[in-house]
Amino acid sequence: MPEYAGTVLVVEDEEPVRELTRLYLEREGFQVETALDGEEALLRAASARPDLILLDIMLPKMDGWAVCREIRKQLVTPIIMLTARGEELDRVLGLEMGADDYITKPFSPREMVARVKAVLRRVQQTQTRQDNEVITLPGLIIDNSARQVEINGQVIPMPPKEFDLLWFLAGNPGRVFTREQLLQQVWEYDYLGDPRTVDTHIKRLREKLNANTGRRYIKTVWGLGYKFEV
């Protein structure tokens with residue numbers, strides 16, 4: 001029997017997809033909780049406190065966007081959105097609401113398992129790091145050990161991937177990184193989706209930093225990528 005790998009909440013109203021996902025995750029040692037609609041997803045997320053959530057967008061009662069938004073008000077649990085192939089708007093909206101990754105349907109169960117493991121590995125590695133490094137800048141404190149961002153004395157909630165991206169950029173001030181380099185360094189696996197995922201996360205970080213610090217810490221280097229400047 002595989003060693004316990006964590007708990008995944010699968011939110012999917014299509015039974016064949018839900019059961020196939022459950023089967024492959026359980027084979028890899030995951031405990032799987034399921035929900036068939038958006039309202040049940042919120043209840044299960046609160047009660048089970050899963051390590052990761054696989055969240056379909058098209059759900060009864062409450063769609064995946066609304067579920068993701070509500071979960072982000074309370075939890076920083078990694079979320080992977082399940083989207084229809086070719087629906088770029090779905091992917092962008094999900095990422096803007098705090099999702100960490102997305103998988104397009106129809107998807108390979110093996111790819112799905114690999115994505116789940118990669119996201120969890122990144123989160124677990126960061127959580128178990130023993131360094132107590134803190135980056136302190138005007139109006140901004142980034143505490144890596146607590147995984148907390150404080151802007152002008154106020155703690156600003158950030159999903160795991162946003163925090164990881166901010167920590168990496170702030171830890172390498174002045175260096176320019178392409179989208180592909182950021183995907184490799186922050187996402188830490190061969191990302192199969194749209195590289196514009198980086199753009200979406202950068203946009204969210206800028207909104208939070210610029211509005212509250214009055215400074216433009218993250219800058220675009222046209223034709224190359226992004227850099228963090230003090």
Contact between R206 and Y217 at the side-chain level, heavy atoms closer than 4.5 Å - yes or no?
no
(message) For a side-chain contact (heavy atoms from CB on, under 4.5 Å) check, start with the C-alpha distance between L82 and F107, then their side-chain angles and the critical distance, and finish with the verdict.
(response) CA-CA 9 Å; L82 304 178; F107 56 82; 4.1 Å; yes
Closest heavy-atom pair, A41 versus V67, reported as atoms and distance to 0.1 Å, is CB-CG1, 4.1 Å
Is any side-chain heavy atom of T197 less than 4.5 Å from a side-chain heavy atom of Y102?
yes
Q. Is any side-chain heavy atom of T34 closer than 4.5 Å to a side-chain heavy atom of E12?
A. no
P157 meets the side-chain contact (heavy atoms from CB on, under 4.5 Å) criterion, sequence neighbours left out, with none
For V221, the other hydrophobic cluster members (4.5 Å side-chain criterion, sorted by chain and number) are V176, L224
Residues passing the side-chain hydrogen bond (donor to acceptor under 3.5 Å, both in side chains) test with E150, sequence neighbours excluded, are none
Under the criterion side-chain contact (heavy atoms from CB on, under 4.5 Å), I'd like the reasoning laid out for D51 against V8: C-alpha separation, chi angles, the key distance, then a yes or no. CA-CA 6 Å; D51 298 293; V8 176; over 6 Å; no
Does any non-hydrogen side-chain atom of L54 lie less than 4.5 Å from one of L9? no
Check your understanding: Should M112 and L23 be regarded as members of a common hydrophobic cluster, given that ILVMFWY residues are connected when their side-chain heavy atoms come within less than 4.5 Å of each other, either directly or indirectly?
Key -> no
Carboxylate-amine/guanidinium contact D56 K105, below 4.0 Å: yes
Sorted by chain and number, sequence neighbours left out, side-chain hydrogen bond (donor to acceptor under 3.5 Å, both in side chains) with E39 holds for none
Applying side-chain contact (heavy atoms from CB on, under 4.5 Å) to I142 and not counting sequence neighbours gives I135, L140, V149, F163, L166, W167, A170
Hits for side-chain hydrogen bond (donor to acceptor under 3.5 Å, both in side chains) against E229, two or more places apart or cross-chain, chain-then-number order -> K219, K227
Exercise. State, with a plain yes or no, whether a side-chain heavy atom of L120 is found less than 4.5 Å away from one of K117.
Key: no
Residues 57-70 vs salt bridge (charged side-chain N to carboxylate O under 4.0 Å, His left out), sequence neighbours excluded, gives D37-K61, E70-K73
So L25 and V10, do their side chains get closer than 4.5 Å, heavy atoms only? yes
By side-chain contact (heavy atoms from CB on, under 4.5 Å), A48 pairs with (sequence neighbours left out) E33, P50
Smallest heavy-atom separation, A5 atom then F30 atom, equals O-CE2, 3.6 Å
Check your understanding: Counting distance only, does the side-chain N/O of N144 pair as donor-acceptor with the main-chain N or O of V134 below 3.5 Å?
Key -> no
Interatomic distance, NZ@K208 vs CG@L205, rounded to 0.5 Å, equals 7.0 Å
Where the side chain of R72 meets the backbone of T77, is there a donor-acceptor pair that is under 3.5 Å apart? yes
Value for OG1 (T21) from CD (E14), rounded to nearest 0.5 Å, stands at 10.0 Å
Correct closest heavy-atom pair for T178 and Q181 would be N-OE1, 2.9 Å
Are L20 and I80 connected into the same hydrophobic cluster when the rule is that any two of I, L, V, M, F, W, Y join if their side-chain heavy atoms are below 4.5 Å apart? yes
- Identify whether L36 and V32 are in the same connected component of the hydrophobic contact network (ILVMFWY, side-chain heavy atoms under 4.5 Å). no
Correct closest heavy-atom pair for P173 and G171 would be CD-C, 3.3 Å
Short side-chain to backbone donor-acceptor contact, R44 and S47, under 3.5 Å:
no
Across all chains, not counting sequence neighbours, the salt bridge (Lys or Arg N to Asp or Glu O under 4.0 Å) partners of R22 are E19, E26
_Chi angles and distances behind the side-chain contact (heavy atoms from CB on, under 4.5 Å) call for N210, R215_ = CA-CA 5 Å; N210 296 356; R215 296 172 179 266; over 6 Å; no
Residue set satisfying ring pair (Phe, Tyr, Trp, His ring centres under 6.0 Å) with F177, at least two apart, ordered chain then number -> F168
Margin query: Between Q148 and I141, is there a side-chain heavy-atom distance shorter than 4.5 Å?
Written below: no
Original post:
Are side-chain heavy atoms of I202 and L165 found at a separation under 4.5 Å?
Top reply: yes
Taken to the nearest 0.5 Å, the spacing of L209 CG from L137 CG works out to 10.0 Å
ask   = Does the pair L59 and L55 meet the rule for a side-chain contact (heavy atoms from CB on, under 4.5 Å), with working shown?
value = CA-CA 9 Å; L59 294 169; L55 178 61; 3.9 Å; yes
By side-chain hydrogen bond (donor to acceptor under 3.5 Å, both in side chains), S108 pairs with (sequence neighbours left out) none
Closest heavy-atom pair, A66 versus M62, reported as atoms and distance to 0.1 Å, is CB-CG, 3.5 Å
d(D164 CG, H201 NE2) to nearest 0.5 Å is 9.0 Å
Ring pair (Phe, Tyr, Trp, His ring centres under 6.0 Å) filter on Y226, not counting sequence neighbours, yields none
One should read off an interatomic distance between D13 CG and E40 CD, to the nearest 0.5 angstrom, of 11.0 Å
Test item: R147 side-chain N/O and P160 main-chain N/O as donor-acceptor pair under 3.5 Å:
yes
